[in-house]
Each structure stands twice: as C-alpha cells, then as structure tokens.
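One structure below.
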Amino acid sequence: IKQTTICLEKLGYSTKCSIINYHGLKNILDYLLIILNEKSHILLIRNNNLLPILFPILLYKRLLGSKIIIDIPTPLVNVAKEIQQKDCNAWGVIIRKLLLYTSFPWSLLPANIILQYAIESSYFTLFIKKKIKLIANGIEVGSIPLKQKTPKNSKQEIVLIAVASLGHWHGFDRIIDALNSYYLQQEKNIVPIRFIIVGDGEGALDYKRMIATYNLENYISMVGYKEG
C-alpha cells in the first residue's frame with residue numbers, strides 16, 4: 001500500500017495512506033467510520049473480510065461521486081485453496097469456504113475498478129469482469145537504496161529466503177530463472193547465491209522440476225512446510 005502511495009504521488013496525486021487494524025469490535029467500527037468520513041475523490045481499498053459490511057458505505061460513497069478502487073492481491077480462488085491447506089477440521093474448512101463464496105463477488109459491485117495481479121476464477125468474476133484490471137504486482141524500486149558494496153559474511157555468499165504458500169502467483173519461478181542465468185555466466189570469483197524456499201503448495205512440483213532441469217540443487221533448497 002505504501003509503495004502504491006509513493007507511485008501515485010509521483011504521478012501528481014495528493015495521497016494519504018491509512019493502515020488499519022480491524023481486529024476487534026472497536027477497530028472494526030473505527031475502520032468503517034474512517035471509510036465513511038473520508039473526503040478523498042478516489043478511495044483505494046485493499047481487499048479484506050469486511051467488504052460485505054462495507055457494501056452499503058461504498059454504495060453511499062459512489063452516490064456522492066467518489067471513485068472506488070478495490071485492490072485484490074491474491075485471487076479469491078487461491079484463497080479458497082489456501083483454506084483447504086490450513087490445519088483445521090473439516091467443519092472449519094466448510095464454514096470458511098462458505099463465508100468466502102457467499103461474501104464474493106457481490107461485495108465488489110460498488111467498485112469502479114478492481115485491481116488484480118493474477119487470473120481469477122469465473123465464479124469470482126461474475127457481474128464484475130468488466131471492472132477488473134490485470135496489472136503487475138510491483139514496487140517503486142527507486143525508493144529502495146541500493147547497496148554500493150557486496151555485503152561481507154563468513155561464507156562470502158548471499159542467502160535468499162522465501163516463506164509462503166507455494167502458489168504460482170508468488171513468482172518464485174522468476175528467481176529460479178534468474179539464478180540459472182546468473183550461474184551460466186561462469187565468471188571467476190562469482191559470489192555464491194543460495195535460495196531457500198519454505199512452504200508447500202500446488203507450485204512445489206513445478207519448482208522442483210525447474211531446479212532439476214537447471215541443475216541448481218546445490219544452490220536452491222526446498223525445505224517444505226515449517227512451524228515454530
């Protein structure tokens with residue numbers, strides 16, 4: 001969200017970023033009041049579990065002339081898959097999925113634009129397909145200072161660690177491709193780079209195949225699901 005704010009400011013917009021904890025009744029009420037009382041011409045809202053409750057407020061804001069943009073970082077069909085993978089009993093999975101499928105996509109109808117970063121299922125795009133804009137999920141790289149020197153450590157290596165469910169939308173395949181290109185350089189005194197992937201999911205098998213195809217087993221480790 002902060003990166004989005006930075007990019008909008010560079011485009012000439014006057015922006016304000018609010019990161020709200022909506023857990024607990026008081027925080028939920030505060031969140032709803034902030035949206036209701038916001039005077040901005042454009043409201044960009046990150047997808048959350050309160051969108052069904054926000055529905056009448058967003059309709060009211062639309063009637064007042066506000067432009068509503070809803071940002072959905074993870075496709076809802078993948079959220080459903082993650083629910084299935086969570087360590088809870090069968091009734092817990094059923095209830096969570098029922099809440100998800102009954103809360104969307106109707107709660108997205110007040111939006112003028114819906115931002116998504118990966119393909120959504122046909123169910124979750126019912127009645128809103130024309131509102132969806134598929135864009136790249138990126139950051140304002142200019143706001144991150146580059147290190148001028150290679151960091152020193154006892155092993156003289158760089159270690160990358162990714163912790164997430166292994167869905168294709170996370171783009172770990174790009175890192176694997178990049179490491180393949182990096183090691184194909186065959187330059188002398190190249191700094192070793194290791195990539196450790198923590199997690200499990202539907203993309204695991206494809207990542208393992210890529211690692212084997214590129215012969216990167218010495219540099220990329222998949223350690224599976226971890227707790228603690």
Side-chain angles (χ1 to χ4, degrees), residues 1-23 28 31-32 34-83 96-97 99-144 162 164-175 201-203:
I1 291 295
K2 289 183 178 179
Q3 292 291 328
T4 302
T5 303
I6 292 171
C7 292
L8 287 171
E9 287 178 347
K10 289 192 173 184
L11 291 172
Y13 291 92
S14 175
T15 65
K16 179 175 66 175
C17 177
S18 298
I19 299 177
I20 304 164
N21 175 13
Y22 55 84
H23 297 289
I28 289 174
Y31 173 69
L32 297 177
I34 287 172
I35 300 296
L36 180 62
N37 296 323
E38 181 56 56
K39 304 300 182 183
S40 298
H41 179 60
I42 300 174
L43 289 176
L44 174 57
I45 300 171
R46 176 63 65 95
N47 182 39
N48 60 75
N49 296 330
L50 296 181
L51 277 183
I53 302 175
L54 267 179
F55 184 85
I57 295 177
L58 296 182
L59 282 180
Y60 174 69
K61 302 299 285 188
R62 280 288 302 270
L63 290 174
L64 293 179
S66 295
K67 302 296 183 183
I68 309 296
I69 302 174
I70 298 178
D71 177 61
I72 303 180
T74 302
L76 296 169
V77 66
N78 291 327
V79 174
K81 292 178 181 178
E82 289 180 356
I83 291 173
R96 288 169 184 263
K97 281 194 170 184
L99 287 172
L100 178 67
Y101 279 91
T102 55
S103 297
F104 297 95
W106 66 268
S107 59
L108 301 172
L109 286 171
N112 296 89
I113 297 174
I114 298 168
L115 302 180
Q116 293 198 309
Y117 307 97
I119 300 298
E120 184 60 272
S121 72
S122 56
Y123 173 80
F124 287 115
T125 57
L126 283 173
F127 312 117
I128 59 170
K129 197 167 186 178
K130 292 183 178 180
K131 298 173 182 273
I132 295 173
K133 303 293 182 183
L134 193 62
I135 64 173
N137 187 4
I139 61 173
E140 174 50 52
V141 294
S143 66
I144 303 173
S165 60
L166 302 187
H168 296 288
W169 61 91
H170 282 141
F172 295 157
D173 56 310
R174 298 183 182 183
I175 299 178
E202 62 181 353

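Glu120 places a side-chain N or O within 3.5 Å of a backbone atom of Leu76 that can act as its donor or acceptor partner. Checking side-chain atoms of Thr125 against main-chain N and O of Ser122 turns up a donor-acceptor pair under 3.5 Å.
Listed by chain and residue number, Tyr101 satisfy the ring-ring contact (aromatic ring centres under 6.0 Å, His included) test with Tyr123 (two or more places apart in sequence, or in another chain). Residues satisfying the side-chain hydrogen bond (donor to acceptor under 3.5 Å, both in side chains) criterion with Lys16, sequence neighbours excluded, are Glu38. Leu109 pairs by the side chain to side chain contact (heavy atoms under 4.5 Å, CB included) definition with Phe55, Trp106, Phe127, Ile128, not counting sequence neighbours. Lys97 pairs by the side-chain hydrogen bond (donor to acceptor under 3.5 Å, both in side chains) definition with Gln84, not counting sequence neighbours. Residues satisfying the side chain to side chain contact (heavy atoms under 4.5 Å, CB included) criterion with Asn49, sequence neighbours excluded, are absent altogether. With sequence neighbours left out, the side-chain hydrogen bond (donor to acceptor under 3.5 Å, both in side chains) criterion links Lys10 to Glu140. In this view, Tyr13 and Leu8, Leu11, Thr15, Ile42 satisfy the side chain to side chain contact (heavy atoms under 4.5 Å, CB included) rule, not counting sequence neighbours. With sequence neighbours left out, Ser66 forms a side chain to side chain contact (heavy atoms under 4.5 Å, CB included) with Lys61, Ile68.
Atom CD1 in Ile57 sits 11.0 Å away from atom CD1 in Ile34 (nearest 0.5 Å). If you take CG on Leu58 and CG on Leu36, they are separated by 10.0 Å, rounding to the nearest 0.5 Å. The distance from atom NZ of Lys133 to atom CG of Asn112, rounded to the nearest 0.5 Å, is 11.0 Å. Taking OG of Ser18 as the start and CD1 of Ile35 as the end, the distance is 8.0 Å to the nearest 0.5 Å. Distance check, rounded to the nearest 0.5 Å: CG of Asn47 to CG of Leu108 gives 6.5 Å. The line from CD1 of Ile113 to CG of Asp71 is 11.5 Å long, rounded to the nearest 0.5 Å.
Here the closest heavy-atom approach between residue Gly65 and residue His41 is recorded as O-CE1, 3.5 Å. Closest approach of Leu50 and Asn48 over heavy atoms only: N-OD1, 2.8 Å.
You'll find the side chain of Leu134 stays beyond 4.5 Å of the side chain of Tyr117, heavy atoms only.
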Show the numbers, then the answer: is there a side chain to side chain contact (heavy atoms under 4.5 Å, CB included) between Ile72 and Phe124? CA-CA 12 Å; Ile72 303 180; Phe124 287 115; over 6 Å; no
